[in-house]
Each structure stands twice: as structure tokens, then as C-alpha cells.
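A quick write-up on the structure given underneath.
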Protein chains: 2
Amino acid sequence: MIDVVKIAKALSDPIRYEILKFLVRRDAEPGAELVSNCCSGLCNCDIMQVFGLIQSRVSYHMRELVDAQLVIEEQRGKWKYYYPNYQILKDYVKQIEANFLQR
Amino acid sequence: MIDVVKIAKALSDPIRYEILKFLVRRDAEPGAELVSNCCSGLCNCDIMQVFGLIQSRVSYHMRELVDAQLVIEEQRGKWKYYYPNYQILKDYVKQIEANFLQR
DNA sequence: TGACTACATCAAAATAGTTTGATATGATAT
DNA sequence: ATATCATATCAAACTATTTTGATGTAGTCA
């Protein structure tokens, strides 16, 4: 079962929320211009560049998102490629609805 | 517009999450046995009793829930009566879906 | 091999959130 | 009015989270 409080905590940081939104937007627009030329997907260095954050800060927040299972990571050579975990997001919504909106 | 990150933060504390679940459950079962005899609704003192928390702690968490608009409070004499704000909960789910699950 | 790149990890500092006990406020009842 | 009850607020202590700079690790490429 999902840990709904842990997911809420992961979503409760504005930077993480924006990063996740960005991952989803980029995932939905596969033809969009690549942010950097470091790799074909979306990696740490892209997020650094887009949000103007230093490397260890991005690394920290991505680990939080991965730990909450909101984001799946995939190693590609020396890069980490991130993509949204839609199943967990769906489960989160379902759980919120089940706990608070069942009438 | 709702502040989705603020709502997530309010939901990210396990005590607040349980209190909100409790408010919803109690709201859905109007015939359920009253927890205390202090008032006809659900007040601070009920939550203290049910969760075994001291007064200032309950007061703090209820204020967080009210600030996030997840809970509406109503003064009744010397008591505060709390009930869930379903509209905000619905808006929160909608926003999560719009930001992350639109395909 | 060595130089370089991407990312992880660590410890320290900074910031934010939570808990507690004490005190304050405001309503009710006598 | 006073006494009592429910809740708010405050300051201090405590705990958790975030940020930073430094260093470590592992992959890549010449």
C-alpha cells in the first residue's frame, strides 16, 4: 500500500512540486526542445539548469521524490534519467478520495 | 485559486491526516455515538480525548488545517466546531490531476 | 592510463515545523 | 461579580528538513 502522508510530504516542497510538474510536462511533450545536450532524456543537469539550482540540492530533492516513489530513476551511462510515476500519483489521488471524499 | 503545496504540507503530518480522516468519518456517520458530552458537534476537546493529545497541540494542528482551508471552524458558544471542507479537498484532487495526470 | 563529467554523500549551518507548559482571552453559568 | 470551561497564544525546547560547500565514486572519452 502507498504511504499517503509520505507522498504528501514529498509534494509539500515548492521546488519538488515544480520539478515534478516539469517532468510531467516534458514527458507529455516528447517533441519539445531538449533543455540541455547532455543526454536524450531529463537528467539532474537539466533540472539544475532549468531551476538554477546547485547540483547537491537537485540531487537531494530528486532523491526525496524517488524515495516517495513519485519519480522513477533510470541509470543511463553516467546520467540519471527521471520520469514521473503515474501509477503512484493515481494511487495517491484514489487514497485521498477514499479517505476524504467518499459519500 | 487553491494553494496546492500548502494543502500538501497540511496533509503531510500524520496527526493532522488522522484528525481530518476522523472528521470526515464522523461527518459521514451523523448517528455515531458522540465522543464527549461537551457539545453536539466535534470540538477541540473531542479531538484531545480521541487522540490523547494535550490542548495546545490540538489547537496548533487544527489551526494548521484551518489555515490550509481543509477544515472549516464554527464558533458555538465557547466551543469551536470543526468540519471538513470538501470543496477544497475536491479542488486539491483536481489540481493534482491537472498537474500530473493529464494525458 | 589520466582528465573529465554526472551524480552521491557527508557534515555543518541555516531554516522550518512541532511539542510543551504557562499564561491569556472570551464565553458561560452561578 | 466570580468561578469555570474551552480555546488561543506565547516562548522555549526539541526535532526535522533544507541548503551549502567539500569530497567521493563511477562512468566516459581521449
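Chain naming here is simple, since letters A, B, ... match the order of the sequence lines and numbering starts at 1 in each. Computed from a predicted model, the values in this text were never measured in an experiment.
- With 3.5 Å as the limit, one finds a donor-acceptor pair spanning the side chains of B/Q87 and B/D91.
- The base of D/dA8 sits with one of its N or O atoms less than 3.5 Å from a complementary donor or acceptor on the side chain of B/Q55.
- Proximity note for A/C45 (side chain, C-beta onward) versus D/dT17, D/dC5, C/dC7: the nearest is C/dC7.
- Using a 4.0 Å cut-off between a side-chain N of Lys or Arg and a carboxylate O of Asp or Glu, A/E18 and A/K21 qualify as a salt bridge.
- The nucleotide whose nearest atom lies closest to any side-chain atom of A/Y82 is, among D/dG21, C/dA8, C/dG21, C/dA8.
- Smallest separation of non-hydrogen atoms from A/V24 and A/P84: CG2-CG, 3.7 Å.
- The CG atom of A/D13 sits 12 Å away from the P atom of D/dT17 (whole-angstrom rounding).
- Atom-to-atom, CG of A/L53 to C1' of C/dA6 comes out at 16 Å; the value is rounded to the nearest Å.
- Taking atom CG on B/D46 and atom P on D/dT7, their separation rounds to 8 Å, with Å as the unit.
- Note on A/K9: a side-chain N or O is less than 4.0 Å away from OP1 or OP2 of D/dT17.
- In the set D/dT20, C/dC7, C/dG17, the nucleotide with an atom closest to the side chain of A/K80 is C/dC7.
- Using a 4.5 Å heavy-atom threshold, the side chains of B/I19 and B/F51 count as touching.
- A straight line from CE of B/M48 to P of C/dT20 spans 12 Å, rounded to a whole angstrom.
- Checking the phosphate oxygens (OP1, OP2) of C/dT5, no side-chain nitrogen or oxygen of A/N44 falls inside 4.0 Å.
- Each of B/S59 and A/S12 has a nearest nucleotide on DNA chain D; the 5'-most of these lies closest to B/S59.
- Between B/Q95 and B/M1 there is a side-chain heavy-atom pair separated by less than 4.5 Å.
- Comparing atom distances between the A/R16 side chain and each of C/dA8, D/dT18, C/dT9 picks out D/dT18 as nearest.
- Between A/K6 atom NZ and D/dT17 atom P there is a gap of 10 Å when expressed in whole angstrom units.
- Summarising the geometry, the separation between CD1 on A/I15 and C1' on C/dT15 is reported as 13 Å, rounded to the nearest angstrom.
- Atom C1' of nucleotide C/dG21 and atom OH of B/Y60 are separated by 17 Å, given to the nearest angstrom.
- One atom, CZ of B/R63, and another, C1' of C/dT19, lie 13 Å apart when rounded to the nearest Å.
- Picking from C/dA8, C/dA27, C/dT18 the nucleotide with the shortest atom distance to the side chain of B/K78 gives C/dA27.
- OP1 or OP2 of D/dT17 has not a single side-chain nitrogen or oxygen of A/H61 nearer than 4.0 Å.
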